[in-house]
Amino acid sequence: MTLSPEARAIEAVLVVAVEPVPPGLLAELLELPVEQIEPFCDELAESCRVGGRGFEVVRIAGGLRIQTHPDMASYVERFANVGVSSRLSAAALETLAIVAYKQPVSRAQIAALRGVNVDGVVRLLEHRGYIAAAGRATGPGQAVLYATTEAFLERLGLDRLDQLPPVEDLLPGPEALAELEEQMRPVADG
Amino acid sequence: MTLSPEARAIEAVLVVAVEPVPPGLLAELLELPVEQIEPFCDELAESCRVGGRGFEVVRIAGGLRIQTHPDMASYVERFANVGVSSRLSAAALETLAIVAYKQPVSRAQIAALRGVNVDGVVRLLEHRGYIAAAGRATGPGQAVLYATTEAFLERLGLDRLDQLPPVEDLLPGPEALAELEEQMRPVADG
Amino acid sequence: MTATVSTPVYEGPIEVLLQLVNSHQVDIYDVPLLAVVDAFVAEIANWDSVDLPTLSEFLVIAAVLVELKSRRLLPGSGDVDPDEELVGWEERDLLLARLLECQAYAAAADGFSLLLEQAARAVPRTAGLDDDFVVNAPDLLEGVTPDQVAEAFLRATAERPVPTVDLYHVTVDTVTVADAVSELALRLPSAGRATFRQLTRHLTSRIEIIVRFLALLELCKQGRVSLDQGHTFGDLEVTWVPGAPTTVSVGASQFDEYEG
């Protein structure tokens with residue numbers, strides 16, 4: 001059994017989606033009337049069941065999304081707990097630090113500072129309970145704003161946010177700056 | 001055709017992974033010797049091809065990952081607005097090629113080959129994350145040596161550096177060489 | 001590379017011209033380099049803004065063309081002595097090797113461009129863990145201190161380098177002729193006689209050596225040293241004129257400052 005081109009396209013979109021994708025948006029992308037989208041979604045979901053895939057395609061919160069199959073929960077849990085995620089990566093720690101110092105802050109603002117897409121990392125931090133949605137921006141789009149949680153403070157052994165080291169203190173002093181500048185000078189090959 | 005439980009588990013893990021997952025980690029999660037993981041990875045990748053899925057399972061930068069099928073690029077681009085990051089100039093690409101094949105290599109060595117100052121281009125490539133400082137030369141001046149990064153492999157869709165064509169293959173053939181040599185012979189003896 | 005050239009034997013992009021010359025389809029002897037340069041300059045005149053990569057690319061290609069052409073214009077082996085001919089062949093081999101290497105990397109660059117384009121068509125999944133997936137996760141922040149969070153913030157917000165024309169190769173040392181004059185006036189009377197090479201042996205940067213040379217000319221003008229050079233490009237001998245004043249009587253402002 002091979003997927004129809006429409007079901008393939010829907011699957012590809014779901015693979016890169018971070019949040020459930022509403023059928024209306026899928027219809028727009030595929031340039032089809034929304035009522036014609038439904039059968040292709042069903043085909044896709046069915047193909048995952050029949051093929052015994054490790055994930056399923058489900059309707060959640062008015063949209064479609066890919067999620068791991070419940071039977072695979074033990075592996076996913078182990079993956080989440082060992083190996084790559086047993087410590088925060090430098091990227092995740094930097095993202096957490098931005099939220100800590102700039103809260104409340106939107107994903108887009110974090111991405112602008114980090115220079116990369118941060119959706120996955122924000123999700124990880126939110127999932128682990130270190131950050132949480134704390135309102136919405138007033139501007140167009142009303143982006144979700146994130147803030148650190150009580151759990152974040154607890155884990156760091158702090159009572160209040162203002163106990164975080166002031167960042168000005170960490171800025172390099174004039175001597176360190178001069179040294180840095182010196183290092184940036186070309187060596188003999190420059 | 002239904003996936004084996006092992007291939008299912010690998011797929012589930014890849015669905016939640018945010019970066020390529022090394023086979024060693026998959027082996028750990030599945031409690032299998034790493035050499036037994038390979039066939040299941042192949043099975044998974046093959047099942048995506050056969051089933052005409054909207055995504056593929058590929059080896060990138062030393063790990064396994066799920067990515068959208070290239071044929072679905074038009075839908076994915078429209079959805080994710082992930083336009084190709086701005087193109088690299090010919091000069092930047094050639095500099096990148098020199099680093100890729102001669103790494104670790106200093107700025108002065110690159111400049112000697114390119115015949116021009118390459119500081120700006122090297123900085124651009126470093127900023128884009130394609131190359132990074134990877135130590136210092138032992139000679140006088142201890143010039144910074146550059147090497148390509150994991151991100152370089154990911155951007156080029158490569159698993160390992162040795163997948164790049166051998167530089168010998170890129171050299172002009174013996175005929176071209178003979179002609180080039182002929183061309184450079186002083187007139188009187190030609 | 002968009003610049004095109006028009007010569008009696010060839011019309012088209014200059015890059016292609018180099019390839020043609022290399023593959024022997026156009027004889028460099030017949031290509032007036034002036035026409036190449038003129039065409040490029042005309043091209044530049046039409047630019048809205050300066051395109052530095054293209055400019056430097058042109059210079060590289062033009063330099064290679066000049067080098068190729070000068071080799072073609074050189075007299076043949078009959079006119080040169082065997083030693084010089086050998087040197088010529090050595091240089092020729094080096095140039096050949098370099099051209100080959102450049103061609104190989106240009107070919108690699110084309111390959112990279114193709115790979116980049118292909119790879120950009122496939123987008124990786126980065127959604128991460130499902131929201132409703134309950135994990136009894138160990139504390140990822142274990143061992144992380146508030147200071148480390150602050151450091152991470154500074155790392156994350158550190159200014160990223162903006163690609164600019166790099167001026168680091170320009171030395172920031174300011175060297176003055178006046179300084180060099182006073183130094184030489186102290187050193188030379190006791191040394192009596194020294195070569196320019198000896199006087200500049202401890203110096204590493206070109207500008208310092210140049211300033212030292214200007215200082216010597218200044219001292220010579222004032223009649224405090226005599227300069228002697230046995231033959232062209234030979235060692236420059238510097239002799240302190242006995243009895244000449246060793247103090248710098250003139251104000252430093254009289255000398256130029258040099259900033260590399």
Side-chain angles (χ1 to χ4, degrees), chain A residues 12 15-19 60 65-68 73 76-77 79-81 85-88 90-98 100-102 110 113-115 117 119-130 151-152 155-158 163-167 169-172 184-186 188 190, chain C residues 118-175 200-209 259-260:
Chain A
V15 159
V16 292
V18 175
E19 273 155 19
I60 294 251
R65 81 157 194 212
I66 283 175
Q67 63 181 34
T68 52
V76 177
E77 184 176 333
F79 174 69
N81 293 339
S85 355
S86 68
R87 281 199 61 194
L88 279 187
L93 187 57
E94 284 177 22
T95 302
L96 181 59
I98 291 174
Y101 281 97
K102 299 217 141 208
I110 304 170
L113 271 167
R114 297 255 316 122
N117 181 307
D119 293 353
V121 174
V122 165
R123 221 163 220 271
L124 172 78
L125 294 172
E126 194 180 5
H127 193 249
R128 289 304 172 90
Y130 299 133
F152 166 78
R155 301 287 156 76
L156 284 178
L158 300 175
Q163 289 176 325
L164 276 174
V167 277
D169 288 2
L170 291 157
L171 284 170
M184 289 169 68
R185 288 264 296 283
Chain C
Q118 278 169 1
R121 294 176 63 79
V123 182
R125 178 164 171 89
T126 57
L129 284 173
D130 306 340
D131 277 342
D132 51 0
F133 196 79
V134 182
V135 199
N136 298 317
D139 181 13
L140 290 183
L141 283 178
E142 185 157 340
V144 176
T145 65
D147 283 345
Q148 283 172 322
V149 174
E151 279 159 25
F153 176 75
L154 290 175
R155 257 201 325 273
T157 53
E159 228 164 279
R160 283 160 210 282
V162 179
T164 48
V165 175
D166 199 302
L167 294 176
Y168 286 147
H169 58 283
V170 178
T171 156
V172 289
D173 300 328
T174 304
V175 275
T200 54
R201 187 166 290 153
H202 62 294
L203 302 175
T204 49
S205 87
R206 193 171 301 173
I207 188 73
E208 285 179 298
I209 297 172
E259 212 171 282

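C:Phe153 and A:Ala97 get closest at one heavy-atom pair: N-CB, 3.4 Å. The two residues C:Thr145 and A:Leu156 have their closest heavy-atom pair at C-CD2, 4.0 Å.
Summarising the geometry, atom CD belonging to C:Gln148 is positioned 12.0 Å from atom CG belonging to A:Leu96; distances are rounded to the nearest 0.5 Å.
Contacts of A:Ala17 with chain C are made by backbone atoms alone, with heavy-atom separations under 4.5 Å and no side-chain atom involved. For a residue to count as touching a neighbouring chain, one of its non-hydrogen atoms must lie under 4.5 Å from one of that chain's; by this rule A:Ile98 touches chain C with backbone and side chain alike.
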